[in-house]
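All values below come from the heavy atoms of this structure, side chains included, with hydrogens, waters and symmetry mates left out. Labels below follow one simple rule: chain letters A, B, ... track the order of the sequence lines, proteins then strands, and each chain is numbered from 1. Just so we're clear, the structure is a prediction, and the values are computed from it rather than from any experiment.
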2 protein chains.
Amino acid sequence: MPRNPDQGRAATLRWHTAAQVLATLRRVPGITRAALARELGLTSGLATEIVARLRDLRLLTEAPAPVVGRGRPTTVLRPHPEGPVVLALALRQEDWRAAVATVDGRLIEPRRRRHPSREPDAVLATLRRAVDRARDRYGHRLRAVSLAVAGAIYDDHLVQAATLGWGAVDLRAVARDTSLPLLLGNDATLAGVAEARAGAATTAGTALHLIVEVGVGGTLTIDGRPVTGAHGAAGEYGHLPFGDRALRCPCGARGCWDLAVDGRALARHLGEPPPVDALSYAWEVIRRATGAPHPGPDPDPRSGRRVPARDGGDPAARRAVDAVAAALGDGIAALVNLHDPDLVTLGGLGPALRRVAGPAFDDAYAAGLMSVHRAQPPPVVAAAFGDEGPLHGAAVLGLDHITGESALAEWAAHLRSAD
Amino acid sequence: MPRNPDQGRAATLRWHTAAQVLATLRRVPGITRAALARELGLTSGLATEIVARLRDLRLLTEAPAPVVGRGRPTTVLRPHPEGPVVLALALRQEDWRAAVATVDGRLIEPRRRRHPSREPDAVLATLRRAVDRARDRYGHRLRAVSLAVAGAIYDDHLVQAATLGWGAVDLRAVARDTSLPLLLGNDATLAGVAEARAGAATTAGTALHLIVEVGVGGTLTIDGRPVTGAHGAAGEYGHLPFGDRALRCPCGARGCWDLAVDGRALARHLGEPPPVDALSYAWEVIRRATGAPHPGPDPDPRSGRRVPARDGGDPAARRAVDAVAAALGDGIAALVNLHDPDLVTLGGLGPALRRVAGPAFDDAYAAGLMSVHRAQPPPVVAAAFGDEGPLHGAAVLGLDHITGESALAEWAAHLRSAD
DNA sequence: ACCTTATGCTCGTAGGACGAGCATATTAGG
DNA sequence: CCTAATATGCTCGTCCTACGAGCATAAGGT
């Protein structure tokens with residue numbers, strides 16, 4: 001039956017182990033060849049064959065590894081200087097980011113630009129220029145473009161981006177007429193993927209990632225893959241009715257959790273009018289609560305050092321932060337009861353709210369857990385990538401695509417035809 | 001490296017296609033050999049080889065298929081009369097069920113018994129006798145025991161079964177000293193698996209199953225596999241705080257959805273005292289609301305015929321049912337926003353509440369959906385298996401186990417050693 | 001009786017995985 | 001400085017799955 005060259009069991013299985021090797025290289029960048037063989041349980045003969053094949057395919061190169069003890073020295077596996085790359089893009093409210101990713105998952109040339117205009121056409125034209133620049137520089141090595149967007153995705157289309165003020169916008173213009181696949185993902189989803197693959201949740205099989213900015217977004221990941229639902233629209237944690245049913249959400253429903261945990265909630269607690277820019281307003285309230293000049297996002301979220309003084313700030317702001325942090329902890333507890341994750345990673349305002357709020361968050365979290373989770377509550381930790389999560393997640397999306405079994409077969413055919 | 005006989009790439013791949021064949025046989029019981037080859041894209045030579053191997057392994061037999069037109073007649077694939085089986089058990093509040101399942105997924109000898117006593121020891125001893133009986137009858141053909149239990153599972157242990165009045169009970173006694181694996185699953189989770197594999201959600205990639213009895217349980221399934229979380233404790237939909245925060249749940253939290261959608265909610269709306277048996281109380285209120293003698297669970301839920309008259313019942317009961325159905329529809333909408341499923345299947349009281357409530361459910365469901373889901377709202381349908389879901393799901397769990405690649409290798413070794 | 005159609009079987013070939021044996025490159029220790 | 005110990009890499013023969021082509025088989029249709 002399988003006359004089709006890239007179908008059937010044999011053609012798929014051919015690249016199976018090669019894809020595993022590349023996945024391992026991505027999980028442990030700079031892994032040695034010997035360690036890789038151990039990790040995957042490859043016999044040395046098979047390792048020889050597969051590495052040679054991947055070298056011939058310009059997917060990786062070997063460099064002498066630093067010697068550690070006795071025994072024949074091994075080599076470090078690195079992406080090939082003429083190997084395939086993807087362009088990762090992340091589109092947010094006030095700026096966009098771009099980076100080129102190699103098969104080991106490293107980002108090169110990360111850039112960040114503010115939108116000169118927020119008009120869809122202007123933004124898409126800018127992104128398109130980034131694609132063209134990458135094509136000029138990398139030529140046929142560029143194999144895919146992946147785009148993290150702060151908006152709602154449905155069946156691979158952007159249907160709404162509230163923070164950008166966009167409705168449905170056709171993003172395909174970013175890669176039109178390039179023959180490059182354009183891979184689309186929600187930014188909170190992709191940030192969760194980044195945490196699960198290379199960030200704070202690498203050891204977790206099931207992880208929940210939540211990001212608080214204007215409202216709450218996030219995703220559940222299972223073994224590094226996001227639970228995206230039938231149309232890619234899953235992850236609307238902010239519109240769960242965990243909040244006060246008297247409050248009406250712009251989404252049309254009542255009692256959305258969104259309204260209880262972001263800048264709008266802080267304003268309500270402070271008796272101030274609804275903020276125009278809920279995100280910077282929230283940072284400002286957090287600043288007032290600490291009395292510190294600028295509590296902003298951690299420059300390096302991996303270091304937990306900068307704990308601002310809890311005293312010295314504005315008591316009203318502190319009470320507002322406490323209330324919002326409690327609503328956050330309470331909701332997270334409900335989601336832990338629901339999903340039973342190994343770990344929860346928090347992004348956006350989350351870590352700062354928690355830090356400034358003192359015990360309010362932890363108390364609410366503990367109180368909301370069902371008894372089965374009390375003995376070993378899943379840790380709630382700050383996201384490792386911070387604001388860079390969506391870009392890293394987009395890179396993961398693109399690399400998953402180009403190192404999948406079918407894309408490897410394509411790349412091999414591409415090389416054969418180029419010679 | 002792989003000196004271990006049942007590890008490594010080759011040993012796993014060996015059974016890969018054979019496992020696919022058995023999975024297909026289970027998805028389409030009574031499939032013909034020719035249709036199977038088409039379905040999996042097997043060449044006729046490979047089909048010959050694999051079917052022959054599975055025949056030799058006593059996993060399936062072939063019988064002449066009814067002739068439909070021209071061409072050489074093909075055969076129907078059936079489980080082998082000496083092939084492996086699993087014993088599926090389902091443990092509920094007032095009764096337990098048992099059935100033996102063959103590799104094509106059919107249940108033979110389904111039985112149902114009431115608990116003579118609800119003491120854990122007595123119940124476990126009864127289940128153990130069912131295991132012994134199956135062992136007597138099937139001998140070495142019995143390869144696993146799977147158990148669906150109406151309680152909370154954590155790390156493969158039962159930590160609580162509220163409806164049975166049990167705390168943590170060690171269920172391993174059911175299969176102790178038999179060398180049979182005991183596979184454990186929550187009953188709502190397994191009912192969802194049954195719906196996704198062979199019930200109302202077979203065509204759905206992502207499906208949400210919810211069952212309303214005392215509270216709400218359920219599971220999300222992705223391609224037929226349940227999302228069970230890190231410890232198998234996921235699916236506590238009933239303890240999401242969708243309800244009135246003024247109400248305290250026995251779980252310790254406030255506002256649990258549970259309290260808004262079951263018999264306890266009906267009693268509150270009617271101003272009656274909290275019922276002792278919330279489930280039969282709920283059926284009784286539904287009966288009062290219809291005026292019909294007995295609205296009970298559908299005898300055949302696949303036929304949507306028995307729509308009771310909405311008029312003629314007790315108006316107060318109808319209003320209570322309306323309110324509860326609305327709370328159900330509202331919560332389901334929130335979960336659709338969250339998970340983006342293709343389909344929602346409803347079990348337990350759900351279908352009856354919805355049928356009796358008239359538009360209250362559908363209105364609340366529609367009103368709670370986010371706009372992205374409005375164009376094509378996921379259908380909410382009655383579960384196909386009704387009360388038999390957990391038993392069928394347990395059978396799926398067991399059959400997945402014995403038709404997995406490693407278990408097939410074991411079975412082959414077992415046969416070799418028995419000769 | 002033929003042809004048509006659908007299916008099943010045999011056999012030669014390709015290619016991945018495996019294991020054994022040998023080759024190689026380094027350190028540790030005398 | 002030489003040798004043993006150690007870790008790693010390569011080659012090759014074998015096994016097994018998958019594939020494709022050609023042929024065989026068993027029906028219906030004419």
Quiz item: Listed by chain and number, what are the side chain to side chain contact (heavy atoms under 4.5 Å, CB included) partners of B:Ala395, not counting sequence neighbours?
Solution: B:Ala88, B:Ala101, B:Leu107
Quiz item: Over how many whole Å does the gap from A:Trp15 atom CH2 to C:dG15 atom P extend?
Solution: 12 Å
Practice problem: Return the 5'-most residue of the pair A:Arg14, A:Gly69 with respect to DNA chain C, ranking by each residue's nearest nucleotide. | Solution: A:Arg14
Quiz item: Are the side chains of A:Leu180 and A:Arg135 in touch, meaning some heavy atoms are under 4.5 Å apart?
Solution: yes
Self-check item: Sorted by number, the residues of residues 45-56 of chain A with heavy-atom contact under 4.0 Å to DNA chain D
Solution: A:Gly45, A:Thr48
Quiz item: Tell me: CG of A:Leu36 to P of D:dG9, nearest whole Å?
Solution: 10 Å
Quiz item: How close or far is atom P of D:dC15 from atom CG of B:Leu13, stated in whole angstroms?
Solution: 19 Å
Practice problem: Take nucleotides 2-7 of chain C nucleotide by nucleotide from the 5' end and write B, S or -, depending on whether a protein heavy atom sits under 4.0 Å from the base, only from the sugar-phosphate, or from neither. | Solution: --BBBB
Self-check item: Any residue meeting salt bridge (Lys or Arg N to Asp or Glu O under 4.0 Å) with A:Glu405, in chain and number order, not counting sequence neighbours
Solution: none
Quiz item: By side chain to side chain contact (heavy atoms under 4.5 Å, CB included), which residues pair with B:Ala234, not counting sequence neighbours?
Solution: A:Asp340
Quiz item: With sequence neighbours left out, what residues match B:Ala204 under side chain to side chain contact (heavy atoms under 4.5 Å, CB included)?
Solution: B:Ala201, B:Ala207, B:Asp342, B:Leu343
Practice problem: Give me the bend of the helix from C:dA1-D:dT30 to C:dG30-D:dC1, using the axes of the five pairs at each end, rounded to 10°. | Solution: 0°
Quiz item: Which pairs count as side-chain hydrogen bond (donor to acceptor under 3.5 Å, both in side chains) when at least one residue sits in residues 99-109 of chain B, sequence neighbours excluded?
Solution: B:Thr102-B:Asp104, B:Asp104-B:Arg106, B:Glu109-B:Arg137, B:Glu109-B:Tyr138
Quiz prompt | Nearest-Å distance for atom pair CD/P, residues A:Glu405 and C:dG16 | solution = 13 Å
Quiz item: Between atom CG in B:Leu42 and atom P in C:dG8, what is the gap in whole Å?
Solution: 11 Å
Quiz prompt | Residue pairs, two or more places apart or on separate chains, that pass salt bridge (charged side-chain N to carboxylate O under 4.0 Å, His left out) and touch residues 66-85 of chain B | solution = B:Arg58-B:Glu82
Quiz item: Quick one: is the NZ or CZ of B:Arg141 closer than 6.0 Å to the six-membered ring centre of B:Trp411, and within 45° of its axis?
Solution: no
Exercise. Return each pair, listed once, that meets salt bridge (charged side-chain N to carboxylate O under 4.0 Å, His left out) where at least one residue sits in residues 18-28 of chain B; pairs must be two or more places apart or across chains.
Key: B:Arg26-B:Asp400, B:Arg27-B:Glu39
Exercise. For A:Ala23, check side chain to side chain contact (heavy atoms under 4.5 Å, CB included) against everything at least two apart and list the hits.
Key: none
Quiz item: For the pair made of CG in A:Leu77 and C1' in D:dG9, what is the distance, rounded to whole Å?
Solution: 13 Å
Quiz item: With respect to the phosphate group of C:dG16, does any side-chain polar atom (N or O) of A:Thr17 fall under 4.0 Å of OP1 or OP2?
Solution: no
Quiz item: For B:Thr24, which residues count as a side-chain hydrogen bond (donor to acceptor under 3.5 Å, both in side chains) partner, sequence neighbours excluded?
Solution: none
Quiz prompt | Integer-rounded Å distance: D:dA18 P and B:Leu40 CG | solution = 11 Å
